[in-house]
Each structure stands twice: as C-alpha cells, then as structure tokens.
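To start, the structure under review is shown below, and the notes come after it.
What you see is a predicted model, and the numbers here were worked out from it, not measured in a lab. Lettering of chains follows the sequences in order, A, B, ..., and the numbering in each one begins at 1.
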There are 2 protein chains.
Amino acid sequence: MTALEQYISSFFGVPDNDLTAIANYFQPQQLRKQEYYLKAGQVCDTLSFQHSGLTRFFVQLPEKEVTQWIGTPAYFVTDLNGLFFGKPARCSIQALEDCELFTIHRKDYQQLGEKIPSWHELEKRFIARCFTYMEDRVFNLLAMSAEQRYQWLFGMHPGLFNQVPLQYLASMLGMTPETLSRIRKKQLS
Amino acid sequence: MTALEQYISSFFGVPDNDLTAIANYFQPQQLRKQEYYLKAGQVCDTLSFQHSGLTRFFVQLPEKEVTQWIGTPAYFVTDLNGLFFGKPARCSIQALEDCELFTIHRKDYQQLGEKIPSWHELEKRFIARCFTYMEDRVFNLLAMSAEQRYQWLFGMHPGLFNQVPLQYLASMLGMTPETLSRIRKKQLS
DNA sequence: TCCTTCTCTTGACAAAAATCAAGAAGTTAT
DNA sequence: ATAACTTCTTGATTTTTGTCAAGAGAAGGA
C-alpha cells in the first residue's frame, strides 16, 4: 500500500479497489521551501494531500499578516472557495519547508467523483471533519483566554512549536508574538 | 415548487426530478419556543432545513454559556459530529421562537445518498459552504477588533439585532454584553 | 568566518475588553 | 394591573492583551 493509500484509508473505510483507483488520480508534486502552492487572488483548482513538510495558510492585510492555519502531513491542502465555488482565494499557501504533496487537478477531480462513487462519501466526510475542526477553533476563540488557547494547541501538536516560527503560531492563536512569548515563559514555572 | 424545494434549488443547481425526490425525504417538524432540537451529550441523528423561526446553538460551560451560532431560515440545522461521526454533541440547539423545520432521519438519509446521486454533490457543496463560513469566522476572530466584528455581523444580518437577545449575539461575537452595548452606543454618534 | 537578517524575549506603557455593581427598561405570568 | 423576572445600559475599576522599543540569540549568505 502506498503512503497516499494509507492516508486515505486511515481516515475512512474505503473498499481496497476504490482506494487504489482513487490514489491513481493523484500525482506527486514537490514544493520547495518558500515556494507558493497558491497565491491570494488566484482561483485554486487543485486538491492535495500533504505527505511531508509544512505549509502555511496566511492572509496579507494592509496593516498585518494573519496566519490562518499550518498544514501538516496527512491533511488536505486546497482552498475550498476556489475548488468548489470558483472564487479567488483570500489566503496564500506557502511551503515552510520542502514539501511532498499528492495532487489532483479539478478536471480529473470531477471524473473521480463520477467514476468512483465512494469518493463522494469519502470527500464529504473529509470536509465535514474540516468543518468540525473549524467549529472547535471558533469555540476556542470565543470561550478561551490566550493562555488556554496556547495550551490547547500545545496539547494537540507540541512538536509544532519546534518546527514553526512562533510568530506564525501566535497569529494562528489570535495573539501577538509578545503575548505568546510571555505565556510560554510562565508555563516553565 | 414547495418552500423546501426552493431552498434546495436556491443554493445549487439540481435536476428538477431529483429536487422533488430529495424534498420527499424530508418531513415537516415543529419546534416550540424554548424547545430543544438537540441537547448536549446526545448524538444528533437528524438533519433539518430551517424554514421559519430562529434557533440557538450554545455550549454550557461551568463558568459561562457560549452561543456558537444563531440558526436562521434557509440554513441547515444539525450537529455534524453526531450525524457523520456518531459523537455526542457538545452544544445544545434550542428554539428562540416557534420554528418550522424540514427534517430527515439518519436511516432515510443514508438511502437518500444511495438512490439520488446528485444528493452527495449537493450536500458536499453545502458542507463546503459551512466550512468556508467558519473559515471567515475564524479569520474575523483572529484579525478583527470587537468593534469590527460587530460591524461585520451587523452588515450581514442587521435584522438579527432586533430579533435575538443581544447577550447571545455578544457571546457569538466573542465579547461580553457590556462591551456590545458600549459599541452600539458609540455607533449612534 | 563575518556580517546581515530574522526571530525571539523583555520591559515600560497604552489600549481594549472584562468584571463588578447598580439601576432602568422591557416582558411575562398571575 | 401588578409583581417578578429578564434584559439592557452605564459607571468605576481591574485584568488582559497589544504596542513600542531595545537588545540577545540564531540562522543564512557572501
């Protein structure tokens, strides 16, 4: 079983035949550090699984830059607004380190749904999962203090804090780098 | 064309045959003011379109209560964590006023996907839409001040502020009722 | 290797928002 | 209609978080 097949099956039960067929639609793609997967304003017409490396989803505002999300292995990389609704992206997606992806283009993507019925179900569950994750984030931002949000992320992905510049994680947590730095200092004691 | 068919078709292009067939799977449901659609801890096994009235999605914490979302006509009502993943709900869903819904139960729901292929696509786009909405909310909470978040919601749904107790909207916007009250006072001048 | 650049930390201060408390206004039930 | 509740507003104060500025440390390029 290939790495991609493992990703797909690790999320949801899919018949083995379909698994191979689905995986065959995806092509390997390299992304060098600093390279863009997507630039703000473009319409995203690809969907990828991230195999290795890290990506950063961020929005450039006049006054500041907001990191929305750090993409880690075994997750989707795409902009749903582009892929589904043909809208230009607000956020850019850039490689924080060299990345290996498995990518499918929109035209193949539509065939996938027609030829392999289980793909629809798979994808639906995948998106639903993304939605519930976002729901959690909204809840955290509504209900938790900066310190509690830090503890939540650190509890889920302690490794991220060694791999990703802290300023990006601070932004993703809705606080300034200074505040994150102070919270981390406090955690030591 | 029934009201439900109109809701469905207003979102996405679906063949007319399928539209009627899909709509037939849904049953009308009444919800009295204060009545619960779902209580925290239950596993949600229904999906509804909201036809009239308002619903409130909220989480009860030991110290406080957090309103996650106000459900308005023409939107989904459900807990995806329950419907897709069989997990108990963190949030309760309660009618703020008398509501009319169109509801489908999980068992019929699975048939729907098997018998009417376009439903999968429709639903996928619907969930994707919910996801991008949540993405916007996360972005707003990360990037905007309390005042900007108020203006955003007021710009989208000015009517809500006359229908929903302000304390719930304040919570949904990630601020206290006092802060919302002061922001609204400031907007008058 | 040295120099530049980027990242993180720290302190002093400012701003935003939360908390506490009281009272006004509006609803609901009897 | 009145009493009991709930909701909203306002002021005073505290807490949290952001801003500005400086410097230490680490990473990367010539």
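A/N162 has its CG atom 12 Å from the P atom of C/dC8, to the nearest Å. The nearest whole Å value for the distance from the CG atom in A/L166 to the P atom in C/dT10 is 12 Å. Atom CD in A/Q163 sits about 16 Å away from atom P in C/dT7, given to the nearest Å. Between A/L180 atom CG and D/dT17 atom P the separation is 12 Å, expressed in whole Å. In this entry the distance linking CG of A/L96 with C1' of D/dA27 reads 15 Å, nearest Å. Taking atom CG of residue A/L173 and atom C1' of nucleotide D/dG18, one finds them 16 Å apart after rounding to whole Å. When rounded to the nearest whole Å, the span between CD of B/Q148 and C1' of C/dA16 equals 12 Å. If you measure from atom CZ of B/F161 to atom P of D/dT7, you get 17 Å, rounded to the nearest angstrom.
For an aromatic pair to be called close, the ring centres must be under 6.0 Å apart, and B/Y75 with B/F49 fails this. Ring-centre distance between B/Y133 and B/W69: below the 6.0 Å cut-off. Less than 6.0 angstrom separates the ring centroid of B/F161 from the ring centroid of B/Y150.
With D/dC8, D/dG11, C/dT10 as the candidates, the nucleotide lying closest to the side chain of B/Q167 is D/dC8.
B/H51 and B/F102 have tilted rings, their planes meeting at an angle from 30° to 60° on a 0 to 90° scale.
Here B/E135 does not pair with A/R90 in a salt bridge; the nearest charged N to carboxylate O distance is not below 4.0 Å.
B/P165 comes within 4.0 angstrom of sugar-phosphate atoms only, judged by non-hydrogen atoms across all strands, and of no base.
The backbone N or O of B/L83 sits less than 3.5 Å from a side-chain atom of B/R106, completing a donor-acceptor pair.
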Revision key, fill the gap. Per-nt protein contacts along nucleotides 17-30 of chain C (heavy atom under 4.0 Å; B base, S backbone sugar-phosphate only, - none) come out as SSBB-------S--
